[in-house]
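Note that the coordinates shown come from a computational prediction; the quantities given were computed from them, not determined experimentally.
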Amino acid sequence: MTTHTTTATWKGKMQFEATNPSGERLLINAGEENGGEGAGLRPKALMLASLAGCSGLDVASLIEKMKLEVEDFKIETIANLTEEHPKIYDNVIIEYHFYGANLNEAKLQKAVDLSVEKYCGVMEMFRKFANVEIKIFFIINESI
C-alpha cells in the first residue's frame with residue numbers, strides 16, 4: 001500500500017500553502033466573499049483541476065502510445081454545487097476537446113474511455129459522490 005502525505009501550512013488570513021509528496025507547492029485561498037484575497041486556487045476548484053489533470057495525464061500518455069496526431073487538447077469540468085451545507089458537487093460534466101487536422105476519433109474515444117473506466121482514480125472517487133457525465137469534442141483544424 002502506498003501512502004501519500006501533503007502539508008497545508010497557514011500563511012495568514014484565508015491562505016494556505018500546500019505541498020504534494022514531491023515537494024511542489026501551490027496556494028489555496030478563499031474568495032474575497034469569504035474573507036480571502038483571491039490569490040491561489042479555491043479548494044473545490046482544485047478538486048475539479050485534479051479530476052481533469054488525472055484523466056488528462058492518462059489520455060496524454062495514451063495519445064503518445066497510440067502515436068495519435070493531436071495538435072492541442074484541453075479538458076473542461078463543469079460542476080453543480082449544492083445549496084445546502086456541506087456544499088458538494090453533485091453533478092459534474094467533463095468535456096474533452098481535441099484539436100487537429102488529422103484526428104483519429106475512434107482511437108481518441110478509446111483513450112478517453114480507458115481513462116474514465118479503468119485508469120483515473122480521481123474519476124472513481126468523484127463517482128462516489130457525484131453523477132459524472134463525459135462529453136468529447138473533435139475540432140478539425142484544416143490547413144490553408
Side-chain angles (χ1 to χ4, degrees), residues 1-139 141:
M1 175 183 279
T2 302
T3 300
H4 291 164
T5 302
T6 65
T7 303
T9 304
W10 184 39
K11 302 310 266 184
K13 297 186 180 181
M14 297 295 287
Q15 186 173 68
F16 283 80
E17 180 181 75
T19 62
N20 75 3
S22 66
E24 296 294 324
R25 302 174 187 279
L26 63 86
L27 293 177
I28 301 171
N29 199 315
E32 292 178 12
E33 68 280 5
N34 293 312
E37 297 176 350
L41 294 171
R42 309 299 182 274
K44 290 182 186 83
L46 189 54
M47 288 179 63
L48 295 177
S50 295
L51 176 59
C54 177
S55 185
L57 290 171
D58 292 339
V59 173
S61 173
L62 291 164
I63 286 171
E64 187 173 317
K65 287 177 183 171
M66 294 179 181
K67 297 181 181 357
L68 301 177
E69 293 180 39
V70 176
E71 293 172 22
D72 200 6
F73 163 42
K74 70 177 180 179
I75 300 172
E76 292 186 14
T77 55
I78 304 106
N80 182 64
L81 192 62
T82 60
E83 293 292 326
E84 63 283 346
H85 288 283
K87 294 182 179 185
I88 64 167
Y89 294 130
D90 63 353
N91 191 56
V92 180
I93 300 169
I94 306 165
E95 294 183 353
Y96 296 80
H97 298 256
F98 296 99
Y99 301 83
N102 192 25
L103 298 177
N104 184 326
E105 295 181 15
K107 285 188 177 181
L108 287 168
Q109 175 75 53
K110 181 176 181 176
V112 170
D113 289 346
L114 283 168
S115 174
V116 168
E117 297 167 10
K118 184 174 182 179
Y119 295 124
C120 181
V122 177
M123 185 83 62
E124 190 60 29
M125 285 187 255
F126 262 78
R127 283 195 189 99
K128 303 289 185 193
F129 60 84
N131 177 55
V132 178
E133 181 181 351
I134 305 300
K135 295 182 179 182
I136 303 175
F137 299 92
F138 302 103
I139 300 90
N141 299 333

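- Atoms CG and CG, from N102 and N141 in turn, are 11.5 Å apart once rounded to the nearest 0.5 Å.
- The minimum heavy-atom distance between V70 and D72, with the atom names listed, is CG1-O, 3.1 Å.
- Atom NZ of K65 and atom CD1 of I63 lie 12.5 Å apart (nearest 0.5 Å).
- In terms of heavy-atom proximity, A111 sits nearest to L62 at O-CD1, 3.5 Å.
- One finds the CG atom of L41 at 6.0 Å from the CG atom of L26 (value rounded to the nearest 0.5 Å).
- The backbone N or O of L57 lies less than 3.5 Å from no partner atom in the side chain of S61, so there is not a single donor-acceptor pair.
- I93 places none of its side-chain heavy atoms less than 4.5 Å from the side chain of T77.
- Within the 4.5 Å cutoff, no side-chain heavy atoms of Y96 are placed close to those of E76.
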In a table with atom names and distances, give each donor-acceptor pair under 3.5 Å that connects a side chain of residues 118-138 to protein atoms at least two apart or in another chain.
residue, atom, partner, partner atom, Å
E124, OE1, R127, NH1, 3.0
R127, NH1, V116, O, 3.2
R127, NH2, V116, O, 2.8
N131, ND2, N91, OD1, 2.7

Walk me through whether K44 and L81 qualify under side-chain contact (heavy atoms from CB on, under 4.5 Å). CA-CA 9 Å; K44 290 182 186 83; L81 192 62; 3.6 Å; yes
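- Applying the ring-ring contact (aromatic ring centres under 6.0 Å, His included) definition to pairs two or more places apart or across chains, those involving residues 29-73 are F73-F98.
- T6 and T19 share no side-chain donor-acceptor pair at under 3.5 Å.
- The distance from atom CD1 of I88 to atom CG of N80, rounded to the nearest 0.5 Å, is 10.0 Å.
- Sparse packing is recorded around CD of E64, with 12 or fewer heavy atoms of other residues, nucleotides or ligands lying under 6.0 Å away.
- Considering only residues two or more places apart in sequence or on other chains, R42 meets the side-chain hydrogen bond (donor to acceptor under 3.5 Å, both in side chains) condition with none of them.
- Under the side-chain hydrogen bond (donor to acceptor under 3.5 Å, both in side chains) criterion, S22 pairs with N20, sequence neighbours left out.
- Two residues are said to be in side-chain contact when any heavy atoms from C-beta on lie closer than 4.5 Å; L103 and I139 fail this criterion.
- Proximity of Q15 to L27: side-chain heavy atoms (C-beta onward) are separated by under 4.5 Å at one or more points.
- Residues passing the ring-ring contact (aromatic ring centres under 6.0 Å, His included) test with Y89: none are found, sequence neighbours excluded.
- The main-chain N or O of A39 is found under 3.5 Å from a side-chain atom of N29 such that the two form a donor-acceptor pair.
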Is there a side-chain contact (heavy atoms from CB on, under 4.5 Å) between D58 and L114? Walk through the geometry before answering. CA-CA 8 Å; D58 292 339; L114 283 168; over 6 Å; no
Pair up each side-chain donor or acceptor in residues 7-14 with any protein partner under 3.5 Å, not counting sequence neighbours, and list the distances.
residue, atom, partner, partner atom, Å
W10, NE1, K13, O, 2.8
K13, NZ, E37, OE2, 2.9

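- Of the inter-residue distances, the one linking K110 atom NZ with M66 atom CE reads 5.5 Å to the nearest 0.5 angstrom.
- Taking all atoms of both residues into account, the shortest heavy-atom contact from A52 to I75 is O-CD1, 3.4 Å.
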